[in-house]
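All chains are named by letter (A, B, ...) in the order of the sequence lines, taking the proteins before the strands, and each is independently numbered beginning at 1.
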Amino acid sequence: MSRTLKEAKDSVISEINELFNNSDFPKLPIDENPIQGDLSVICFPGARSLNKSAEEVAYDVSLLVSNINFVKSTFIVKAFCNIILDWDALVINVYNDIKDINYGRGIPKKESILVEHTSANATGPFHMGRARNPIIGDSISRLLKYDGYNVSTEYYVNDTGRQAATVAFGIKNYKGGSSEKEDHRLVECYRQASEELKANVEVKSKIYEKMELIEGGDKEALDEVKKAAKLMLSGMQYSLKRLNAEADSYFHESDLIQDGSVTRVIDSLKKSDICVEEEGAFYLDLSDKNIAGRNQKFFFTRNNGLSLYTTRDIAYHLNKFERYSNSLNVLGEDHKLQSNLLNIALEELGSSKPDNLFYSFVNLPGGKMSTRAGRVVYLDDMMDQIVQASFERLKDVEMSPEQKILLSEKIGIGSLRYNIIKVQPEKGFTFNIDDALSIQGDSAPFAMYSHARMSSILRKYGREVPELVIDGNLFESEINLMRVMSKWPDLVRSSSDKLAIHKIPNYIHQLSSQFNNFYRDCKVIGDVNESLRINLVCLSKRILFDALDIIGIEAPERM
RNA sequence: GGGCCUGUAGCCUAGCCUGGAAGGGCGUCUGGCUUCUAACCAGAAGAUCCAGGGUUCGAAUCCCUGCAGGCCCGCCA
């Protein structure tokens with residue numbers, strides 16, 4: 001909340017409590033962010049001890065508080081005594097709080113955070129099933145940065161194991177598809193190799209031999225598989241770039257084998273009290289760890305002594321904590337158990353543990369998205385469609401075709417991001433293309449349009465934003481706009497603390513919506529309160545710009 | 001068999017942590033562009049907050065028991 005507003009509310013609250021103390025009233029709860037007004041005294045609990053109806057108590061309270069400093073008026077709804085503050089007195093100071101260049105931003109923090117997101121296996125183009133990952137990951141990184149943390153993002157490239165060996169084999173031995181985009185072209189190689197792997201014993205043994213070489217640390221094999229993954233990834237990276245969700249760095253799993261850190265992890269884990277050997281393979285005994293399921297053994301080596309996926313992930317996390325103080329992983333809900341195992345191992349090794357943000361998969365209407373069943377929507381195709389739909393919406397707008405192409409790209413990608421971010425990650429999400437293409441209401445274009453309106457007013461005004469002077473009474477919609485703007489810092493804080501990125505689009509919609517009400521009620525240019533209103537437009541524009549930027553959407557000047 | 005997550009109008013969703021007035025959006029119906037951008041605004045209709053029990057002055061929110069859906073339980077990744 002803006003500091004001034006917070007102080008005013010605190011002062012009113014403490015005066016109310018003092019009045020309660022000095023009278024027959026019990027101490028009644030006060031809602032600091034009520035549905036209506038600025039504060040609300042909840043009068044239900046007083047009814048019994050005062051032997052009155054709750055409504056009567058509310059009436060008494062309204063008389064009691066009406067002379068308090070900063071209280072302009074009260075009104076009663078049921079047993080809620082709602083209080084409206086004297087905004088005419090507060091507005092200048094609240095405005096000055098919001099005008100601060102760092103308004104909403106968190107104070108710079110010492111902690112550095114590595115956000116690992118996406119990390120999809122480099123076997124082919126991204127599909128929509130896991131589309132929440134880069135979008136949530138990128139947005140949460142931006143949010144944490146805005147809140148003052150040092151943040152980097154990283155993509156973990158799983159370039160060892162069977163799939164990676166299959167990709168490398170496929171690229172080497174088969175002809176790719178005809179697409180110009182590398183991942184779409186090479187996925188054909190992978191497909192053929194996968195089929196041969198199932199059908200042809202010779203191919204299978206070749207791939208498995210390669211796999212063993214890789215895990216055993218054979219330099220040539222590791223180089224080959226890393227190179228293949230990079231090639232596939234070069235196409236996939238283009239998709240991330242288009243989504244505005246490129247990672248800052250890419251970390252190859254193969255490097256962990258190559259530099260010996262996986263071996264070191266295995267050696268250390270073998271010293272754990274809960275480590276047990278079974279026919280040459282080693283596991284941690286989870287019986288006392290209360291993570292249940294049929295299997296209570298967490299194997300970290302095969303019987304040939306080589307590592308498993310989670311073993312290498314342990315090495316990766318130790319590496320992360322050498323570079324950063326904190327680690328946050330954005331993972332699909334299918335990784336929950338794996339992440340528990342990882343944490344147990346890290347604890348055994350005395351290491352810090354990562355925070356996790358899990359999301360539920362995206363489904364298609366009618367069922368699960370599945371590569372095997374051919375029910376797949378590619379992220380690239382989705383981006384094409386939504387950008388195309390946005391382009392068509394621009395047909396009546398006066399703008400050069402080049403500008404329209406650029407703008408529809410922003411609108412389309414923004415809509416996709418907004419649509420995905422606005423739902424809590426743990427909730428199931430059925431991806432309905434018509435909903436995604438319907439871009440009005442609580443959506444990116446609504447916010448972008450509001451931003452363009454703000455820009456348009458400032459453009460038309462055409463001068464420096466003036467000093468704030470208030471020449472007339474405030475309108476309700478001006479106060480409401482300031483109320484929403486006042487919430488921004490708390491919203492950022494709570495969203496960042498809880499990793500609740502969906503709160504940002506929620507706020508964006510509130511702010512845009514409130515701005516549109518202001519726009520309806522208040523003529524800006526030429527009004528007696530022109531200076532105040534220009535300033536309000538300017539401040540709401542900055543907050544809206546920041547909020548959109550947090551979820552990776554560029555706010556346009558026109559649309 | 002076990003663990004975790006989800007269940008809010010025809011559809012999508014916020015609120016759940018920290019109990020107090022069920023918010024938005026889509027769709028439907030009605031009205032509003034000669035006025036700083038109508039991708040906008042106003043109004044209407046639409047909710048057994050999955051079910052049942054408990055705690056409480058008060059439960060969508062906390063606790064218990066069910067039901068339904070998702071994810072997981074490999075010397076795969």
Please report the distance separating the [atom1] of [N] from the corresponding atom of [M], rounded so that it comes out in whole Å.
N: G2(B); M: U48(B); atom1: C1'; value: 33 Å
N: U13(B); M: U8(B); atom1: C1'; value: 9 Å
N: C62(B); M: U55(B); atom1: C1'; value: 8 Å
N: U65(B); M: U28(B); atom1: P; value: 45 Å
N: C67(B); M: G46(B); atom1: P; value: 34 Å
N: A22(B); M: G31(B); atom1: C1'; value: 28 Å
N: G52(B); M: C71(B); atom1: P; value: 28 Å
N: A47(B); M: G23(B); atom1: P; value: 14 Å

Run the salt-bridge test on [X] and [Y] with the 4.0 Å N-O cut-off and return the result as yes or no.
X: K226(A); Y: D255(A); answer: yes
X: R130(A); Y: D334(A); answer: yes
X: E277(A); Y: K270(A); answer: no
X: E32(A); Y: K9(A); answer: no
X: D490(A); Y: K6(A); answer: no

Show the distances under 3.5 angstrom between N or O atoms of the protein and N or O atoms of nucleotides 66-69 of chain B.
none

Is there a donor and acceptor pair closer than 3.5 Å between the side chain of [X] and the base of [N]?
X: N82(A); N: A21(B); value: yes
X: K498(A); N: C17(B); value: yes
X: T160(A); N: A77(B); value: no

Side-chain polar contacts of residues 516-524 of chain A - donor-acceptor pairs under 3.5 angstrom, sequence neighbours left out - could you list them?
from	atom 1	to	atom 2	distance (Å)
N516(A)	OD1	R453(A)	NH1	2.7
N516(A)	ND2	S450(A)	OG	3.3
N516(A)	ND2	S512(A)	O	3.1
N517(A)	OD1	R520(A)	NH1	3.2
D521(A)	OD2	S477(A)	OG	2.9

Measure [atom1]/[X] against [atom2]/[N] and give the value in whole Å, please.
X: I30(A); N: U18(B); atom1: CD1; atom2: C1'; value: 16 Å
X: I35(A); N: A60(B); atom1: CD1; atom2: P; value: 13 Å
X: I420(A); N: U13(B); atom1: CD1; atom2: P; value: 13 Å
X: N51(A); N: C57(B); atom1: CG; atom2: P; value: 16 Å
X: F282(A); N: G74(B); atom1: CZ; atom2: P; value: 21 Å
X: D442(A); N: C11(B); atom1: CG; atom2: C1'; value: 15 Å
X: N356(A); N: C72(B); atom1: CG; atom2: C1'; value: 15 Å
X: R130(A); N: A77(B); atom1: CZ; atom2: C1'; value: 10 Å

Does [N] have OP1 or OP2 sitting under 4.0 Å from an N or O in the side chain of [X]?
X: K78(A); N: A22(B); value: yes
X: R302(A); N: A77(B); value: yes
X: N506(A); N: G25(B); value: no
X: H502(A); N: G15(B); value: yes
X: N419(A); N: U13(B); value: no
X: K427(A); N: A14(B); value: yes
X: Q296(A); N: G2(B); value: no
X: Q338(A); N: C76(B); value: no

For this session: Spell out, as yes or no, whether a donor-acceptor pair under 3.5 Å connects the side chain of N529(A) to the backbone of D471(A).
Result: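 Yes; judged by distance alone, with no hydrogens or angles, the pair exists.
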
For this session: Would you check if the side chain of K410(A) reaches a backbone N or O of M448(A) as a donor-acceptor pair within less than 3.5 Å?
Result: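 No.
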
Exercise. Parallel, tilted or perpendicular for Y156(A) and Y309(A), by the 30°/60° rule?
Worked result: tilted

Any base atoms under 4.0 Å from [X], or only sugar-phosphate, or nothing? Heavy atoms, all strands.
X: Q36(A); answer: base
X: M559(A); answer: base
X: R393(A); answer: base
X: L306(A); answer: nothing
X: R312(A); answer: sugar-phosphate
X: I525(A); answer: base
X: E557(A); answer: base
X: C81(A); answer: nothing
X: F80(A); answer: base
X: N121(A); answer: sugar-phosphate

For this session: Please tell me which of the listed nucleotides, A42(B), A21(B), G15(B), lies nearest to the side chain of N517(A)?
Result: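 Given the options A42(B), A21(B), G15(B), the side chain of N517(A) is closest to A42(B).
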
For this session: Counting heavy atoms from C-beta on, name the nucleotide in C5(B), A42(B), A39(B) closest to the side chain of K336(A).
Result: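 So the side chain of K336(A) is nearest to C5(B).
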
With a 3.5 Å limit on both atom pairs, tell me what [N] is paired to, counting Watson-Crick and G-U wobble, or say none.
N: A68(B); answer: U6(B)
N: A60(B); answer: none
N: G1(B); answer: C73(B)

Exercise. Where each residue is assigned the nucleotide of RNA chain B containing its nearest heavy atom, which of I42(A) and S513(A) is assigned the position nearer the 5′ end?
Worked result: I42(A)

For this session: By nearest nucleotide on RNA chain B, pick out whichever of P29(A) and Y519(A) is the more 5' one.
Result: P29(A)

Problem set entry | NZ or CZ of K206(A) within 45° of F169(A) ring axis and under 6.0 Å |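 The answer is no; the distance or angle limit is not met.
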
Exercise. Does NZ or CZ of R463(A) fall inside the cone over Y461(A)'s six-membered ring, less than 6.0 Å from its centre and within 45° of the axis?
Worked result: yes

For this session: Compare all side-chain heavy atoms of F515(A) with those of L536(A) and state whether any distance is below 4.5 angstrom.
Result: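 No; the side chains remain at least 4.5 Å from each other.
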
Problem set entry | CZ-OG1 distance between R312(A) and T160(A), expressed to the nearest 0.5 angstrom |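 Separation between the atoms: 3.5 Å.
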
Exercise. Got more than 12 heavy atoms from elsewhere within 6.0 Å of CD, E554(A)?
Worked result: no

Problem set entry | RNA chain B-proximal residues of residues 449-463 of chain A, any heavy atom under 4.0 Å |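 Heavy-atom cutoff 4.0 Å gives Y449(A), A452(A), R453(A), S456(A), I457(A), K460(A).
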
